[in-house]
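Encoded as structure tokens, the structure appears first; notes follow it.
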Amino acid sequence: MRVLIKGAGVAGLTVALELTRHGIDVDVVERAAAVATGASGLAGGMLAPWCERESADETVLTLGKTAADWWEEALPGQVIRNGTLVVAAGRDTGELTRFAGRTSGCDWLDGAGIEALEPALGGRFKKALFFREEAQLDPRKALAGLHRVLLERGVTFHFGCEVEDGTGSFDRIIDCTGAAAIGATPQLRGVRGEMLFLETAEISLSRPVRLLHPRIPLYIAPRGDNRFMVGATMIESDDAGPISARSLMELLNVAYALHPAFGEARVVEMGVGVRPAYPDNLPRLTVDRDVISVNGFYRHGFLLAPAMAGQVATILTETIPNRERHCA
Ligand SMILES: Cc1cc2nc3c(=O)[nH]c(=O)nc-3n(C[C@H](O)[C@H](O)[C@H](O)COP(=O)(O)OP(=O)(O)OC[C@H]3O[C@@H](n4cnc5c(N)ncnc54)[C@H](O)[C@@H]3O)c2cc1C
């Protein structure tokens with residue numbers, strides 16, 4: 001049994017790992033020259049199912065709870081489990097109450113509690129929510145790590161090419177092409193996400209911090225080496241063109257509102273990714289003869305891909321006789 005995975009984003013690489021764990025031979029074809037060039041390379045890397053429940057279905061919490069463990073097992077040392085801090089300006093304290101009412105798994109903090117967790121934010125916010133079970137990873141490092149692990153497991157990568165329709169010499173195709181499938185996949189749409197990286201040694205944070213705002217809730221995720229990812233807009237569009245001036249101002253405003261030290265930070269990167277999404281904003285696995293598609297990860301690719309990859313492995317192992325598998 002040979003399986004070809006199309007797409008080396010988080011969906012494709014997590015499926016590849018799950019299949020190799022079941023002894024299935026895997027090739028990966030990626031039209032770009034490297035892994036993580038799509039939406040996956042621009043993600044915040046937050047593994048935050050409790051926070052996401054604020055606007056997401058219960059399924060996201062159910063499937064996402066074990067994501068941090070999956071990533072830690074796959075890539076030991078890459079998952080940072082420091083929780084998520086959610087703050088709001090004094091005039092927006094009602095947003096915190098609303099957020100707490102729609103989520104679970106958090107504690108209220110006062111100013112001293114905030115300062116104990118994030119000394120840099122001392123005196124800046126009076127109240128916060130702390131989701132202690134949440135985690136984060138660096139998406140680019142994580143996908144580079146998965147690439148390495150997969151090579152060690154004998155997976156063959158074909159970069160810079162696409163495959164025609166049909167399975168060719170493969171028994172199954174797993175389509176993990178993300179937003180590239182918009183138009184060809186019924187109901188799949190794009191949700192544009194703009195982000196940027198700031199670099200400054202003037203401030204340090206130990207965990208992602210979400211700043212609630214009635215119109216523009218955004219976050220800052222520390223990445224080490226004095227880098228901070230600021231994200232991300234949510235715009236109903238599959239336009240992957242350059243960041244707009246308005247979005248750039250909003251992202252910079254949130255950083256400045258969190259701490260004025262970000263005013264002197266260097267803007268070292270700006271990026272735009274298109275999140276693939278179905279109408280219910282939940283991922284879907286669809287089977288059409290020998291092609292299985294895994295798509296629609298919306299803003300939860302790193303959070304939900306491990307669970308969906310497990311489902312793909314289950315489907316394949318239930319249909320493949322044992323003698324056709326190889327030991328991983
Ligand atoms: C700004 C931003 C922040 C985000 N933050 C988070 C977060 O904090 N946590 C989280 O869990 N999720 C987050 N997400 C969501 C997450 O990034 C996406 O859900 C996820 O990346 C989708 O992964 P994918 O593998 O389906 O698509 P992609 O990452 O886009 O991968 C698809 C791959 O398929 C390749 N491809 C396309 N067509 C073909 C073809 N015909 N043949 C071969 N290869 C092909 C593409 O080149 C690409 O590499 C964020 C997204 C954005 C944009």
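FYI, side chains are in, hydrogens and waters are out, and symmetry mates aren't considered; it's all heavy atoms of this structure. Whatever order the structure lists ligands and atoms in, that order sets their numbers, starting from 1.
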For [atom], closest protein heavy-atom neighbour:
| atom | answer |
| --- | --- |
| atom 30 (O) of ligand 1 | Ala39 N, 3.1 Å |
| atom 44 (N) of ligand 1 | Arg31 N, 3.2 Å |
| atom 11 (O) of ligand 1 | Phe302 N, 2.8 Å |
| atom 40 (C) of ligand 1 | Thr177 CG2, 3.8 Å |

Can you tell me if [atom1] on [X] sees more than 12 non-hydrogen neighbours from other groups inside 6.0 Å?
| X | atom1 | answer |
| --- | --- | --- |
| Tyr256 | OH | no |
| Met234 | CE | yes |
| Glu269 | CD | yes |

Heavy-atom distances under 4.0 Å decide this one: backbone, side chain, both or neither, for [X] against ligand 1?
| X | value |
| --- | --- |
| Ala180 | side chain |
| Phe159 | neither |
| Ala43 | both |

Heteroatom distance test (Ala11, ligand 1): nitrogen or oxygen, under 3.5 angstrom: yes
Gly301, any N or O under 3.5 Å of ligand 1 N or O: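 Checking ligand 1 against Gly301, an N or O pair does fall under 3.5 Å apart.
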Options [options], ranked by nearest heavy atom to [atom], top entry:
| atom | options | value |
| --- | --- | --- |
| atom 1 (C) of ligand 1 | Ala232, Ala33, Pro276 | Ala232 |
| atom 46 (C) of ligand 1 | Glu162, Met46, Glu30, Arg299 | Glu30 |
| atom 29 (O) of ligand 1 | Gly178, Gly9, Ser40, Gly64 | Ser40 |

Please identify which atoms of ligand 1 are closer than 4.0 Å to at least one heavy atom of [X].
| X | answer |
| --- | --- |
| Gly7 | 33 (C), 34 (O), 35 (C), 44 (N) |
| Gly44 | 3 (C), 4 (C), 5 (N), 6 (C), 7 (C), 8 (O) |
| Leu42 | 1 (C), 2 (C), 3 (C) |
| Tyr298 | 15 (C), 16 (C), 18 (C), 19 (O) |
| Arg275 | 2 (C), 51 (C), 52 (C), 53 (C) |
| Tyr219 | 3 (C), 5 (N) |

Asp92 with Arg98: basic N within carboxylate O range, under 4.0 Å: no
Under-4.0 Å salt bridge between Arg223 and Glu199: no
Side-chain donor-acceptor contact under 3.5 Å, Asn295 with Ser293: no
Gly45 to ligand 1, any heavy atom closer than 4.0 Å: yes
Contact check, Cys176 vs ligand 1, heavy-atom distance below 4.0 Å: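 The answer is yes, since Cys176 has a heavy atom less than 4.0 Å from ligand 1.
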Verify same cluster id: Met46, Ile220 (apolar side-chain graph, 4.5 Å): no
Heavy-atom side-chain proximity of Ile216 to Val254 below 4.5 angstrom: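 Sidechains of Val254 and Ile216: no contact.
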Test applied, side-chain contact (heavy atoms from CB on, under 4.5 Å); reference residue, Pro49; option that passes from Thr62, Leu303, Leu304: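 Passing option: Leu303.
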Arg299 backbone acceptor or donor facing Arg275 side chain under 3.5 Å: no
Aromatic ring pairing Phe159/Phe157, orientation class (parallel under 30°, perpendicular over 60°, tilted between): parallel
Ring centres under 6.0 angstrom apart (His259, Phe228):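 Distance test on ring centres: not under 6.0 Å, no.
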